[in-house]
Amino acid sequence: MAAVTTTAQAAALHHDTHAGHDNYAAQLRMNRLGLWLFFISEAFLFGGLLATRFFLWGADTRPELDQTIGLIVTSVLLISSVSMRLAETAMERGNRRAFSIFILLTALFGLIFLGGVMIYEWGLFPAIYKGHLTPWDNKYGAVVFAMTGMHALHVISGIVFILIVWNLARKGSFSPERHWGVESCAIYWHYVDVVWIFFYPALYLIGNVVHIAAH
Amino acid sequence: MRLTSLGLVRGLIGYFVGLAVGMAAVVILRLAFGMSAWDQEAVWVGGLISAIIGFLLGVGAMSDWLKWTRGIETPLHHGPPADKPAWTRYFGVDYNHKVIGIQYGVTGLFLLVVGGSFALVFRTELADSGISFLQAGTYNTFLSMHAWVALASILLGIGGIANYLVPLMIGAEDMAFPRLNAFAYWINVPAIVTLLISMLFGWDSGWTAYPPLSLLGPVGYQMVFLAIFTIGLSSILGSLNLIVTMLMMRPKGMTLFRMPILCWAILATSIIQLTATQLIGQAFLMLSFERSLGMPFFKPIYDAAGVNIGGQPILFQHLFWFYSHPAVYVFVLPGLGVISELLPVFARKPLFGYRWVALSSLAIALVGFLVWGHHMFTSGYQPYLRVVFMISTLLVAVPTGVKFFSWLGTLWGGRLTFPTPMLFTLGAISVFLIGGLSGPILATAATDLFLHDTYFVVGHFHATIFGGFVFPFFAAIYYWYPKITGRMYNETLGKLHFWLMTPGFWLMSLAQMTAGTMGMRRRIADYDPALGVENVQLLVTIAGFVIAFSILIMIYNLFTSAEIGVLAGNNPWRSRSPEWQIPSPVPEHSYAKPIAVVGEPYDYGLAGSSYIAMAGAGDD
Amino acid sequence: MLKLPQSYADRKHFLIVGALVVIGTIVLGFFLLAILPIKAQASVQAEPIRWLFQLHIWLIAFLFSLVVVFMLYALLVFRRRKHDDSEGEHFEGNTALEVIWTVVPLVLVVIFSFIGVQTLRGATSGGDEVQVKAEGFQWSWAFSYPNGVTSAEMVLPVNKPALITLQSRDVIHSFWVAEWGPKQDLVPGMTTSLHITPTEIGEFQLACAELCGLSHWSMTAKIRVVPEAEYTAWMEEMLAAQNTQTASR
Ligand code: HEA
Ligand code: HEA
Ligand code: CUA
Ligand SMILES: [Cu+2]
């Protein structure tokens with residue numbers, strides 16, 4: 001029995017490292033496809049949220065949101081995509097120092113984005129800023145919180161992802177040839193950015209502001 | 001052997017520890033924020049989320065990934081555990097797709113029995129008019145549980161078919177992402193536990209959970225929402241894995257149009273599962289938030305001037321059916337794939353019009369995305385939508401018809417034999433036919449205005465589900481049983497099962513339709529004797545019990561034959577499909593060497609042709 | 001010319017099957033009509049529904065017979081005989097046939113879409129000579145007329161087009177009188193409506209057709225369709241009763 005198991009395991013190990021490089025390339029192709037399929041799937045989630053927004057608000061109304069903050073956080077998020085791209089190229093060139101700096105910078109931009117949304121749009125810390133909306137009073141609050149909330153969840157997971165990748169890189173993982181971890185983290189981050197590009201106009205720009213009397 | 005060496009046991013411990021920790025955490029947080037300690041909804045939701053995570057940690061479905069985050073390499077272990085009996089691998093995390101396939105399949109069968117038993121309970125109540133032992137609220141809970149448990153059983157059942165067969169059929173070593181595969185299975189288990197727990201608290205909206213009703217009832221709703229959300233996550237991850245496997249891991253020579261036809265069905269199914277599932281997840285999430293935080297997505301709220309500044313109930317129906325209609329094609333496409341797969345083998349003839357059959361699966365899946373509104377003809381949406389959805393719905397009949405006619409073309413001129421799997425295949429065709437044909441009558445909106453929410457609809461969908469899933473699922477079980485166990489099932493018992501279940505089913509479904517046209521509404525705990533449907537209802541109940549009894553026979557057959565069945569040999573059906581060219585039961589590494597495809601899959605009757613070539617020894 | 005294997009080319013098979021399909025369609029059609037006695041009959045709007053339903057039954061009878069007769073015939077004729085080890089004919093398909101059985105159903109679909117639109121118009125339109133508002137709530141109904149009369153039962157004059165407006169106070173309900181045919185949901189936050197022109201005098205049951213909680217099954221109300229004179233009399237009586245009530249208050 002024991003002998004059988006060890007041969008099986010040996011075979012398994014052999015299989016895993018099978019033909020070394022080739023196997024990694026094949027796995028990489030599969031990983032990429034898998035990630036893109038995941039994005040397609042998520043697109044339906046975000047699409048559903050957009051549909052909800054148009055169903056409940058129509059194309060001609062939107063709530064009052066802080067335009068300055070909206071513009072700032074959106075710009076910060078867009079810039080973070082640039083720094084993410086820089087981090088990835090740094091890794092491709094084997095420059096670990098630059099990689100660390102840029103990827104942490106990206107996480108920082110992400111945090112600024114989150115902070116902007118949570119403090120100014122959600123009014124989570126009334127001591128600093130009193131928001132205009134609550135999630136429970138009307139459909140405007142409900143949808144704003146649902147959309148920004150779902151997006152924020154993705155930003156948070158992106159930041160966690162970044163921190164894991166950064167930590168792994170610090171310990172010496174990844175190389176210019178093999179850095180799927182970095183690549184997937186970067187694509188994910190860009191994807192979350194792209195989603196915001198659709199959310200931002202839907203929340204901030206389309207339709208006329210309605211003022212709702214408190215009730 | 002210690003009990004806790006079973007992953008399942010550790011998972012369940014993790015579940016209840018997680019539940020306690022999560023509930024405590026919510027209470028503490030609430031106190032910290034100066035709220036009252038106890039809030040049913042919040043405490044339970046927090047507890048259950050944590051319970052599901054606890055289960056996954058306990059069972060070990062995330063261990064490798066957690067190690068990866070710390071930079072630890074984890075080789076893929078193959079083979080049974082070294083220090084435990086071999087059967088224990090079925091009760092813990094195992095990365096072999098064959099093990100995972102069995103886990104899915106058996107769990108699915110188990111849920112079918114549970115869900116079916118719920119039906120038997122409320123059918124007993126409905127056997128005559130008057131409330132006898134189920135109070136209205138309990139009736140509704142049983143009805144709702146019947147539906148979701150049975151539907152979950154389908155999702156797991158097709159998970160079983162897909163995971164076990166797809167890699168074998170395309171000659172792949174395993175699925176593309178084995179860890180993800182195991183995770184996608186195991187996440188179902190805490191979801192099912194949660195779903196079953198919901199029964200203790202009750203929920204009474206039927207499986208569709210339309211608000212505002214579902215916003216009002218007991219806390220059981222939150223459990224259902226969470227359970228379905230989690231099962232949905234499993235669908236998404238599982239289908240992602242299947243698509244990548246089919247697109248990237250086919251051997252040399254296997255073009256898409258040379259895959260065994262079942263793979264096409266699974267591909268089409270996976271496309272739906274990958275995308276549409278998000279919408280029901282979102283819909284249930286929104287319900288959950290509306291219940292616990294009061295976010296008004298679906299319930300109207302009026303301001304001082306009487307204007308609705310809250311949500312709209314119909315929005316939920318759109319989101320729900322955007323998934324739940326395509327989902328019905330998730331249920332049937334694999335079943336129809338099984339039919340297409342088995343017919344050529346038992347007719348000894350090529351599958352008629354392979355490409356048409358393959359593409360019709362895709363066509364059904366894609367058109368299926370455009371028809372959801374046929375569940376909402378009476379909902380009060382814009383009247384023109386009725387016309388749009390009527391036409392799109394009728395269109396689905398076209399690709400489905402292509403399948404039927406191609407099956408006939410396959411049978412015609414064959415050399416037919418009728419062992420149990422073939423019987424179930426033929427039964428499936430006839431049953432799905434009546435189910436499908438009762439679709440257009442619902443699709444033309446005018447007739448649906450009468451038939452909607454009557455037992456006619458109940459008859460329609462039991463026929464489609466039995467014909468499209470249950471019969472083919474049983475056919476698949478009998479057909480691949482010798483491949484899985486190496487032994488033959490008992491043919492006499494198999495035939496007995498078929499000859500009990502088929503008439504039982506016809507009786508049940510037709511009687512339901514009759515009751516519907518006579519004016520019997522769905523989802524009622526009791527009915528007016530003046531309606532005149534008592535006899536018909538009694539027939540449905542009797543038929544339900546006959547079906548259950550026949551399934552009992554199958555389960556007995558499956559269990560005993562694994563021990564005493566005659567040895568089946570590698571290829572008892574003389575199939576050309578790759579999985580039958582290797583030993584039964586399938587060895588740990590299915591294919592010792594990569595295979596190459598050298599011909600068409602279904603060239604029965606063509607002398608000297610073969611589908612695959614097994615590479616010779618030493619050839620790598 | 002198509003090149004077909006023998007079993008596909010053999011006219012004899014198809015003549016027999018054709019005859020059986022015709023017989024099957026007739027037998028099945030009458031059987032289905034007998035076991036599916038559709039109740040809609042007592043209103044102008046029920047007519048197109050009933051008609052279309054029966055048309056569908058014949059379509060079902062035909063298509064079901066078509067597939068099942070072919071299948072059963074094949075099972076009998078092409079079953080493997082004892083000691084016959086040969087394989088079936090090697091025939092992989094035929095594009096012309098596939099096109100035919102794609103296009104013919106497509107034509108049927110177009111025809112039924114067209115009929116569907118016509119009947120839908122018939123089943124959902126009508127006048128508003130009589131107006132009633134029906135309100136649903138867990139688990140009961142309340143009716144009111146434009147002149148302020150309120151009632152727990154709904155009374156309508158026969159053969160007069162009625163417009164029933166529907167509102168819900170809590171959850172979704174559905175207004176359905178089986179004999180009248182169509183049903184319509186009552187959705188919180190919006191007003192829906194139903195056109196009915198009752199053609200039969202008598203008592204009917206209104207039943208809620210959308211699961212609305214505990215007592216959904218018993219959420220019914222009485223509907224009376226009466227001759228016009230009786231309707232007017234009932235209305236005056238109700239008005240008078242209501243006026244004395246308000247006066248005495
Ligand atoms: C496995 C499941 C399954 C399948 C495959 C189908 C298939 C179809 N369904 Fe069904 N359906 C359900 C499961 C399924 N359904 C469920 C569960 C519900 C109820 C949900 C609830 O409310 O709880 C439902 C409800 C439902 C409704 C709403 C009823 C109501 O609530 O008022 C409608 C309305 O259009 C409908 C239509 C159809 C149509 C047109 C098809 C078509 O796909 C059928 C196509 C097949 C054929 C037509 C037969 C073969 C074709 C030919 C032989 C070719 C020639 C035919 C013609 C030209 C007509 N279904
Ligand atoms: C997979 C899907 C599936 C399956 C298999 C079934 C199977 C059955 N269903 Fe189900 N049904 C649904 C899906 C399904 N149903 C759905 C989605 C609804 C809609 C719910 C809603 O409105 O919200 C529904 C609703 C529904 C209704 C409508 C109730 C109502 O509207 O009030 C009825 C009534 O007759 C019914 C009956 C039955 C019966 C008699 C069976 C039988 O075939 C069951 C046969 C029995 C078994 C399969 C179990 C086998 C049991 C054993 C082997 C052993 C027995 C065990 C013990 C004695 C402990 N079902
Ligand atoms: Cu009101 Cu059902
Ligand atoms: Cu549908």
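Chain A is the first sequence line, chain B the second, and so forth, proteins listed ahead of strands; every chain is numbered from 1. The figures here come from the full heavy-atom set of this structure, side chains too, leaving out hydrogens, waters and symmetry mates.
Of the residues considered (B:Glu600, B:His452, B:Met513), B:His452 shows the highest number of contacts with chain C, using heavy-atom pairs under 4.5 Å. Between chain C and the residues B:Pro440, B:Ser360, B:Ala445, the most heavy-atom pairs under 4.5 angstrom are made by B:Pro440. Chosen from B:Leu215, B:Asp448, B:Ile434, the residue pairing most often with chain C at heavy-atom distances under 4.5 Å is B:Ile434. Heavy-atom pairs under 4.5 Å with chain C peak, among B:Val387, B:Asn140, B:Thr138, at B:Asn140. Of the listed residues (C:Leu75, C:Ile60, C:Ile172, C:Val187), the greatest number of heavy-atom pairs within a distance under 4.5 Å of chain B belongs to C:Leu75. Comparing B:Tyr354, B:Trp412, B:Trp356 by heavy-atom pairs within less than 4.5 Å of chain C, the highest count is held by B:Trp412. Each of C:Leu63, C:Leu59, C:Thr192 has some count of heavy-atom pairs under 4.5 Å with chain B, and the biggest count is that of C:Leu63. Contact count against chain C (heavy-atom pairs under 4.5 Å) is highest for B:Leu437 among B:Leu437, B:Ile391, B:Ile524.
If you measure heavy-atom distances from B:Phe404 to chain C, the contacts under 4.5 Å come from the side chain alone. Contacts of B:Leu351 with chain C are made by backbone atoms alone, with heavy-atom separations under 4.5 Å and no side-chain atom involved. Both the backbone and the side chain of C:Ser86 come within contact range of chain B, with heavy atoms under 4.5 Å apart. Neither the backbone nor the side chain of C:Gln118 comes within contact range of chain B; no heavy atoms are under 4.5 Å apart. Contact annotation for C:Thr102: both backbone and side-chain heavy atoms come within less than 4.5 Å of a heavy atom of chain B. At a 4.5 Å heavy-atom cutoff, the contact between B:Arg522 and chain C is made by backbone atoms alone. Residue B:Asp526 touches chain C through both its backbone and its side chain, counting heavy-atom pairs closer than 4.5 Å. Only the side chain of B:Asp528 comes within contact range of chain C, judged by heavy atoms closer than 4.5 Å. Neither the backbone nor the side chain of C:Pro48 comes within less than 4.5 Å of any heavy atom of chain B. With a 4.5 Å cut-off on non-hydrogen atoms, B:Tyr210 touches chain C through its side chain but not through its backbone. The parts of B:Ala525 that come within reach of chain C are both its backbone and its side chain, each placing non-hydrogen atoms under 4.5 angstrom from that chain. At a 4.5 Å heavy-atom cutoff, the contact between B:Pro211 and chain C is made by backbone atoms alone. Interface residue B:Pro350: backbone and side-chain heavy atoms are both found under 4.5 Å from chain C. Heavy atoms of C:Ser193 lying under 4.5 Å from chain B are absent altogether. With a 4.5 angstrom heavy-atom cutoff, B:Met518 touches chain C via backbone and side-chain atoms both. Contact annotation for B:Leu451: both backbone and side-chain heavy atoms come within less than 4.5 Å of a heavy atom of chain C. If you measure heavy-atom distances from B:Ser214 to chain C, you find no contacts under 4.5 Å at all. Using a 4.5 Å cut-off between heavy atoms, C:Gln138 contacts chain B through its side chain alone, with no backbone atom that close. In this structure, chain C has no heavy atom under 4.5 Å from any part of B:Tyr139. With a threshold of 4.5 angstrom between heavy atoms, C:Trp176 approaches chain B through side-chain atoms but not through N, CA, C or O.
Side chains of C:Ser174 and C:Lys183: no donor on one and acceptor on the other come within 3.5 Å. B:Ser144 and B:Arg523 form no side-chain donor-acceptor contact under 3.5 Å, judged by distance and modelled atom types alone. Side-chain contact annotation: B:Thr447 with B:Thr444, donor-acceptor N/O pair under 3.5 Å present. Counted by atom type alone, C:Gln184 and B:Thr378 present zero donor-acceptor pairs between their side chains at under 3.5 Å. Between the side chains of C:Gln54 and C:Trp51, not a single donor N or O lies within less than 3.5 Å of an accepting N or O.
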| message | Please evaluate residues B:Phe456 and B:Leu442 with respect to the criterion side chain to side chain contact (heavy atoms under 4.5 Å, CB included), reporting the C-alpha separation (whole Å), side-chain torsions for both, the decisive distance (0.1 Å), and the verdict. | response | CA-CA 9 Å; B:Phe456 190 90; B:Leu442 296 167; 4.0 Å; yes
| said: Evaluate B:Phe352 against C:Phe91 for ring pair (Phe, Tyr, Trp, His ring centres under 6.0 Å), listing each step before the verdict. | reply: CA-CA 7 Å; B:Phe352 196 95; C:Phe91 187 51; 5.7 Å; yes
| field | Stepwise salt bridge (Lys or Arg N to Asp or Glu O under 4.0 Å) check, C:Lys222 with C:Glu203 | value | CA-CA 7 Å; C:Lys222 196 159 79 174; C:Glu203 255 186 34; 3.7 Å; yes
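Between C:Arg224 and C:Glu153 there is a salt bridge, with a side-chain nitrogen of the basic residue lying less than 4.0 Å from a carboxylate oxygen of the acidic one.
A distance of 6.5 Å separates OG in B:Ser379 from CG in C:Asp185, rounded to the nearest 0.5 Å. Considering CD1 of C:Ile164 and NE2 of C:His195, their distance stands at 10.0 Å, rounded to 0.5 Å.
Remark: the backbone N or O of B:Asp603 is not paired with any side-chain donor or acceptor of B:Lys349 at under 3.5 angstrom.
In this structure, C:Arg11 has no side-chain contact (heavy atoms from CB on, under 4.5 Å) partners at least two apart in sequence or on a different chain. Listed by chain and number, the residues in a side-chain contact (heavy atoms from CB on, under 4.5 Å) with B:Leu315 are A:Thr52, A:Phe55, A:Leu56, B:Met286, B:Phe298, B:Leu319 (sequence neighbours excluded). When the side-chain contact (heavy atoms from CB on, under 4.5 Å) test is applied to C:Val21, the partners found at least two apart in sequence or on another chain are C:Val17, C:Thr25, C:Phe62, C:Ser65, C:Leu66, C:Val69.
A cation-pi arrangement is found for B:Arg355 relative to B:Phe257, the charged atom lying closer than 6.0 Å to the ring centre and inside a 45° cone about the ring normal.
Ring geometry for C:Phe175 versus C:Trp141: interplanar angle over 60°, hence perpendicular rather than tilted (30 to 60°).
Aromatic ring centroids of B:Phe450 and C:Phe53 lie 6.0 Å or more apart. The aromatic ring centroids of C:Phe78 and C:His13 lie less than 6.0 Å from each other.
Heavy-atom neighbours of C:Arg169 CZ from other residues, nucleotides or ligands within 6.0 Å: above the threshold of 12.
Residues of residues 108-115 of chain C placed with any heavy atom under 4.5 Å of a heavy atom in chain B are listed by number as C:Val109, C:Phe112, C:Ser113.
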